J.: 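Have a look at this one.
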Protein chains: 2
Amino acid sequence: MTNPEKIVGVKDIAKALHISLGTVDRALHDRPGVSPKTRDLVLKTAEQFGYKPNLAAQALKLNRRLSVAIVLPRHISHFFDPLRDGIRTTAAAAVGVNLALEFIEYPRLGSGDLEAFRKAIQEHYDGIIFLPGDVRKYEPLARKAAQDGIALMCVGSDAPNTGRIGAVSVHASVSGAIAADLLSQNLTSRSEVAIFTGELSTLDHGEKLRGFAAALAMIAPHLTLRPALESHERPREAYRQAFEVMQTKNRPNGIYISTANSMPVLKALEELGLLGKIKVVATDLFRELVPLIETGKVLATLHQRPFTQGRVALENLLIYLLRDQKPQPIVQLAPHVIFRTNLCLFENQIGQSTGEEIEADFC
Amino acid sequence: MTNPEKIVGVKDIAKALHISLGTVDRALHDRPGVSPKTRDLVLKTAEQFGYKPNLAAQALKLNRRLSVAIVLPRHISHFFDPLRDGIRTTAAAAVGVNLALEFIEYPRLGSGDLEAFRKAIQEHYDGIIFLPGDVRKYEPLARKAAQDGIALMCVGSDAPNTGRIGAVSVHASVSGAIAADLLSQNLTSRSEVAIFTGELSTLDHGEKLRGFAAALAMIAPHLTLRPALESHERPREAYRQAFEVMQTKNRPNGIYISTANSMPVLKALEELGLLGKIKVVATDLFRELVPLIETGKVLATLHQRPFTQGRVALENLLIYLLRDQKPQPIVQLAPHVIFRTNLCLFENQIGQSTGEEIEADFC
DNA sequence: TTGAAAGCGATACCAC
DNA sequence: GTGGTATCGCTTTCAA
């Protein structure tokens, strides 16, 4: 082996400079009670010796305890369950903190979400991980919480200008653009295409639409976009809209469903005998979608990597809270494009994991 | 806040049972010198109290030091540099270990690789991360090292039956299958397709070929596969082969380049005026490829996520070495499919990072 | 088989 | 401003 560099600690620095441990510590942490002269001297020798604090010892002494609330909807579970798992996994691996996680659930976005969020704020957690739905409604609450010193971390979407310390989501406009790309690769003749979305008041949904439309204009001039269909995440509404639009004269040959609420749309297609004839790009992955992808009835789906979102959200929150250094504030993940051919790598992420050898996103 | 559960430590258990710290420790770690009776008692109460060892204290006391060698080629740097970065990033975040990393480089696979590996083995590192090239040649060496107690972790490819403790790579046969899928989506009429590969003696390259061929047979009966072209990673050879095959009578309309050595092939296409007329799926992402993807001259590229490979490789190696529990042994990542539309999310991963807001794979 | 005590490295408090 | 010292929770050695 090479590099038998002796590892240096505060003690070594103190000894070398013939000063006390306390002084060294104060100097290193820029605390009051040191003369600028000795402070600089300590800093310089620390640098020179290549001093790195022993994180284990630091953690032990500081004995930090943090409370973090995770405020997310129960529905849609195939997205939020793995997201919560990502958070739990990260928490389990966290060394040197006494981390108390509080999972707070509400039925679904737009129903009980604000109340849950407001309640969480009042509990004065050190940090809160949440999904900002209707941004306008979240803004005042979030801003106040941030001012109160609560570290807010957004997942799934973002709430800019609220003082939140970070956000983790899939890159929304790129998601839309990929969908456009795929449809344009698979529809060679002039056609109409349609987009089914959820809540345009949620920032990310609007972004997906914009990305989709922009990419169509750029790279697929032969495809015409119909007005967006907003289902407000209500299955019946989505079904009705799909049924209707597919019976118009110039019915679309391509569809992008930008929300996980895709089954009603697919059901309508099925009933109209259009499944397989129309190119469909969906969002997320769940059990009912699997056979449709396998058989090619759904061309592709854009996987939003909920596990990774959860993992990164907590990781960055902890970096902020513990190492009080700002992490990468806005993380916008690349969605995974799932076709029938790579579907197998993601199947273990739905429902109970099978303990298989293959791990897809490592997430 | 809820859950003010007091955190229990060994001391609490000792106190509750009126025994000493030493005994509790011995019992918890199944060490000799405890009567079975007290051992069980301790274990039971620990369970009951929900005892979790304080990892920081444990790490501090144990004061473990590990040496890990990373034996990888310099070439191709756009793959191996980020891989090394992933390793460094993980190392920087490791708490409670004095980790000594030794990066050992050799020119390229097949030239100095075995020598470097052999030398590393003789140094008796605690662990070695390496890329097994020609499996047959690596096998005897690796098997011996494993028997000597060195923890071997493969990246980029695998070397089964060597006693290696794990492997991290992209799922090779799925990579091939995705390429086939993309070509079949973009070539609607009967055509020939060709595959350019590197070294078929490297396990993963053979797997890509198999996956490609199998998927073509399954989902693209209208596409015929020509005999594979093996460049042995030599640019001139790849160029020559490409030039030749593109001038045959029934020249292929689709190409899958399963190695990062794609530029010579693309150069040949360019010179023949075929760039843009032929559907090309490449591998990996590097600077010269960017404009070709942007303009649609290359349909897509399969990103092998080197950063993540490095991160996961060291993570799992450390789990094995420190927590002496077996991690997920074989990790086969899903490659990212990069089109012109999501290219922007990956550009910050080539060359110097720009400190932008967008982080693609989080890797 | 069990108990007592030292010590890992960094921090914080109290005395000077 | 600075020095000395107890302390965090766990492991380990030495005595009993």
Side-chain angles (χ1 to χ4, degrees), chain A residues 5-43 45-47 49-66 94-100 322-325, chain B residues 5-43 45-47 49-66 94-99 322-324:
Chain A
E5 281 181 35
K6 217 189 65 192
I7 205 109
V8 305
V10 278
K11 215 188 287 189
D12 302 287
I13 299 177
K15 219 174 294 178
L17 291 154
H18 302 292
I19 58 177
S20 83
L21 286 171
T23 306
V24 174
D25 184 64
R26 283 184 287 259
L28 286 173
H29 294 280
D30 215 7
R31 269 191 271 273
V34 210
S35 74
K37 205 178 54 194
T38 44
R39 197 184 60 94
D40 290 348
L41 187 60
V42 169
L43 256 36
T45 37
E47 172 75 38
F49 285 12
Y51 166 74
K52 290 261 151 72
N54 180 321
L55 297 179
Q58 203 167 38
L60 173 61
K61 180 68 207 158
L62 292 168
N63 199 8
R64 310 263 239 143
R65 41 187 60 203
L66 292 178
V95 174
V97 218
N98 179 1
L99 234 196
L322 293 174
R323 302 225 253 278
D324 55 20
Q325 53 177 281
Chain B
E5 283 182 33
K6 218 189 66 194
I7 206 108
V8 306
V10 278
K11 214 189 285 190
D12 302 285
I13 298 178
K15 219 175 293 176
L17 264 42
H18 301 292
I19 57 177
S20 83
L21 285 172
T23 307
V24 174
D25 184 67
R26 284 184 285 259
L28 287 173
H29 294 281
D30 215 9
R31 269 190 271 273
V34 209
S35 73
K37 207 178 53 195
T38 45
R39 196 182 61 94
D40 291 349
L41 187 61
V42 169
L43 256 37
T45 38
E47 170 76 39
F49 283 13
Y51 166 74
K52 291 261 153 69
N54 180 322
L55 296 179
Q58 202 166 40
L60 175 60
K61 182 67 218 190
L62 260 31
N63 199 8
R64 309 263 245 145
R65 41 187 59 202
L66 291 179
V95 174
V97 218
N98 178 0
L99 235 194
L322 293 174
R323 302 225 253 279
D324 55 19

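Computed over heavy atoms, backbone and side chain alike; hydrogens, waters and symmetry mates excluded. Just so it is clear, the model here is predicted, and its values are computed rather than measured. Every chain is numbered from 1, with letters handed out A, B, ... down the list of sequences.
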J.: Which residues satisfy the salt bridge (charged side-chain N to carboxylate O under 4.0 Å, His left out) test with B/Arg39, sequence neighbours excluded?
T.: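 Applying salt bridge (charged side-chain N to carboxylate O under 4.0 Å, His left out) to B/Arg39 gives B/Asp30.
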
J.: With a 4.0 angstrom cut-off to heavy atoms of chain A, pull out the first and last contacting nucleotide of DNA chain C, in 5'-to-3' order.
T.: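 Result: C/dG9 to C/dC13.
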
J.: Mind checking what makes side-chain hydrogen bond (donor to acceptor under 3.5 Å, both in side chains) contact with A/Thr45, not counting sequence neighbours?
T.: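 Partners of A/Thr45 by the side-chain hydrogen bond (donor to acceptor under 3.5 Å, both in side chains) criterion come out as none, since no residue qualifies.
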
J.: Who pairs with B/Leu41 by side chain to side chain contact (heavy atoms under 4.5 Å, CB included), at least two apart in sequence or on another chain?
T.: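 For B/Leu41 the side chain to side chain contact (heavy atoms under 4.5 Å, CB included) partners, ignoring immediate neighbours, are B/Leu17.
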
J.: Excluding sequence neighbours, so at least two apart, what forms salt bridge (charged side-chain N to carboxylate O under 4.0 Å, His left out) with B/Asp12?
T.: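 So B/Asp12 forms a salt bridge (charged side-chain N to carboxylate O under 4.0 Å, His left out) with B/Lys6.
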
J.: Whole angstroms only, please: what is the CG-C1' distance between A/Leu41 and D/dT2?
T.: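 One finds 14 Å between C1' of D/dT2 and CG of A/Leu41, rounded.
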
J.: List in chain and number order the residues that pass side-chain hydrogen bond (donor to acceptor under 3.5 Å, both in side chains) with B/Arg64, two or more places apart in sequence or in another chain; answer none if no residue qualifies.
T.: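 By the side-chain hydrogen bond (donor to acceptor under 3.5 Å, both in side chains) rule, B/Arg64 matches no residue at all.
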
J.: A/Thr38 side chain N/O closer than 4.0 Å to the phosphate oxygens (OP1, OP2) of D/dG1?
T.: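 So the side-chain polar atoms of A/Thr38 never come under 4.0 Å of the phosphate oxygens OP1 or OP2 of D/dG1.
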
J.: Mark up nucleotides 8-16 of chain D, 5' to 3', with B wherever a protein heavy atom is under 4.0 angstrom from a base atom, S wherever such an atom reaches only the sugar-phosphate, and - elsewhere.
T.: BBBBBB---

J.: Measure the angle between the two terminal helix axes of the helix from C/dT1-D/dA16 to C/dC16-D/dG1, five base pairs each, and quote it to 10°.
T.: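 Answer rounded to 10°: the end axes differ by 40°.
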
J.: Sequence neighbours left out, what passes side chain to side chain contact (heavy atoms under 4.5 Å, CB included) with B/Ala57? Give chain and number order.
T.: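 Side chain to side chain contact (heavy atoms under 4.5 Å, CB included) list for B/Ala57, sorted by chain: A/Leu60, B/Asn54.
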
J.: Side chains of A/Asn98 and A/Leu66: does their closest heavy-atom pair fall under 4.5 Å?
T.: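 Counting from C-beta outward, A/Asn98 and A/Leu66 never come under 4.5 Å.
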
J.: Are A/Asp25 and A/Arg31 packed together at the side-chain level, in the sense that at least one heavy-atom pair is separated by less than 4.5 angstrom?
T.: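 Yes. Closest side-chain heavy atoms under 4.5 Å.
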
J.: Which residues pass the side chain to side chain contact (heavy atoms under 4.5 Å, CB included) test with B/Ser35, not counting sequence neighbours?
T.: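 So B/Ser35 forms a side chain to side chain contact (heavy atoms under 4.5 Å, CB included) with B/Lys37, B/Thr38.
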
J.: My understanding is that only residues two or more places apart in sequence, or in another chain, count here; which of them pass side chain to side chain contact (heavy atoms under 4.5 Å, CB included) with B/Leu55?
T.: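 Testing B/Leu55 for side chain to side chain contact (heavy atoms under 4.5 Å, CB included), a comparison that skips the adjacent residues, returns A/Val95, B/Gln58.
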
